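The structure follows.
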Amino acid sequence: QVQLVESGGGLVQPGGSLRLSCAASGFNLENYNFGWFRQAPGKKREGVSCISGSNERTYYAHSVKGRFTISRDSAKNTVYLQMDSLKPEDTAVYYCAAARGTTFHAMCEIVGGDTWGQGTQVTVSP
């Protein structure tokens, strides 16, 4: 059974940092593209960052480039999103997703995931 479980969300002040984790059970990380998406109230879902399963190439949305870093640890079967210099506009529910049959770039920009986690809330506020 494949499952994605996110953790690491919370309340942080502007300029602070958080690291989100996505524990991927039933997956071989090298065989899937993984991504982080977010959705704020009243807004469309946004692909934040994606990582290629085959070569670990990465994609970042323009709004987070230079502040967020996606990575994976195959030994722990976990995908991470390090978020630095957080802004109030980063407030959203963050979801981890896995996908095959698409590029990591298209996964973030168009397609989304085949399997989704339950989401974790990130709130950036003074």
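Values in this document were obtained by computation on a predicted structure and should not be read as measured data. Position 1 is the first residue of the sequence; numbering continues from there.
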(message) Within this structure, what is the OH-CD1 distance for the pair Tyr60 and Ile70, rounded to the nearest 0.5 Å?
(response) 6.5 Å
(message) Could you walk me through whether Leu11 and Ser125 satisfy the side chain to side chain contact (heavy atoms under 4.5 Å, CB included) test, starting with their C-alpha distance in whole Å, then the side-chain angles of each, then the deciding distance to 0.1 Å, before giving a yes or no?
(response) CA-CA 7 Å; Leu11 173 64; Ser125 178; 4.1 Å; yes
(message) I'd like to check Gln3 versus Gln118 (side-chain heavy atoms, cut-off strictly below 4.5 Å). Are they in contact?
(response) no
(request) Assert yes or no for the condition that the ring centre distance of Trp116 to Phe37 is strictly below 6.0 Å. (result) yes
(request) State, to 0.1 Å, how close Ser74 and Glu30 come at their nearest heavy-atom pair, and which atoms those are. (result) OG-OE2, 2.6 Å
(message) Give me the atom names and distance for the closest heavy-atom approach of Gly113 to Ala97.
(response) CA-CB, 3.9 Å
(message) Taking Val64 as the starting point, is it possible to reach Val124 by hopping between hydrophobic residues whose side chains are less than 4.5 Å apart?
(response) yes
(message) Whether the side chain of Asp90 engages the backbone of Val122 through a donor-acceptor N/O pair (distance < 3.5 Å, no angle test) should be reported.
(response) no
(message) In this structure, would Val2 and Trp36 fall into the same cluster of hydrophobic residues linked by side-chain contacts under 4.5 Å?
(response) yes
(request) Decide whether a cation-pi geometry holds between Arg100 and Tyr32; the criteria are a distance under 6.0 Å from NZ or CZ to the six-membered ring centre and an angle within 45° of the ring axis. (result) yes
(request) Give the minimum heavy-atom separation between Ala99 and Gly112, together with the two atoms involved. (result) CB-O, 3.8 Å
(message) Under a 3.5 Å cutoff, is there a donor and acceptor pairing between the side chains of Ser52 and Ser54?
(response) yes
(message) Show the nearest heavy-atom pair for residues Gly35 and Cys50, with the distance to one decimal.
(response) CA-SG, 3.7 Å
(message) Nearest 0.5 angstrom please: Leu29 CG to Glu56 CD, how far?
(response) 9.0 Å
(request) Please name the residue in the list Asp84, Thr58, Leu86, Leu20 that meets the side chain to side chain contact (heavy atoms under 4.5 Å, CB included) test with Phe68. (result) Leu86
(request) Among Glu89, Glu46, Lys87, find the one that has a side chain to side chain donor-acceptor pair (under 3.5 Å) with Ser63. (result) Glu46
(message) Restricting to non-hydrogen atoms, name the atom on Ser85 and the atom on Ser17 that form the minimum distance, rounded to 0.1 Å.
(response) N-OG, 4.4 Å
(message) Atom CZ of residue position Arg57 - does it have more than 12 heavy atoms of other residues, nucleotides or ligands inside 6.0 Å?
(response) no
(request) Tell me yes or no: between the side chains of Ser71 and Gln82, is some donor less than 3.5 Å from an acceptor? (result) no
(message) To the nearest 0.5 Å, what is the distance between CE on Met83 and CG on Leu18?
(response) 4.5 Å
(request) Give a yes or no on whether Val48 and Val93 share a hydrophobic cluster (residues Ile, Leu, Val, Met, Phe, Trp, Tyr; joining criterion: side-chain heavy atoms under 4.5 Å apart). (result) no
(request) Ignoring hydrogens and angles, tell me if any N or O in the side chain of Ser49 forms a donor-acceptor pair with the backbone of Tyr59 under 3.5 Å. (result) yes
(request) Kindly compute the distance separating OH (Tyr95) from CG (Leu4), expressed to the nearest 0.5 Å. (result) 13.5 Å
(message) My understanding is that only one of Gln121, Arg38, Gln39 makes a side chain to side chain contact (heavy atoms under 4.5 Å, CB included) with Tyr94; could you say which?
(response) Arg38
(message) Please tell me whether Val5 and Phe27 are part of a single hydrophobic cluster in this structure, the criterion being side-chain heavy atoms less than 4.5 Å apart.
(response) no
(message) Please say yes or no: joined through hydrophobic side-chain contacts below 4.5 Å, possibly via intermediate residues, are Ile51 and Leu81 part of one cluster?
(response) yes
(message) If you compare all heavy atoms of Ala92 against all heavy atoms of Ala40, which two are closest, and at what distance to 0.1 Å?
(response) CB-N, 3.9 Å
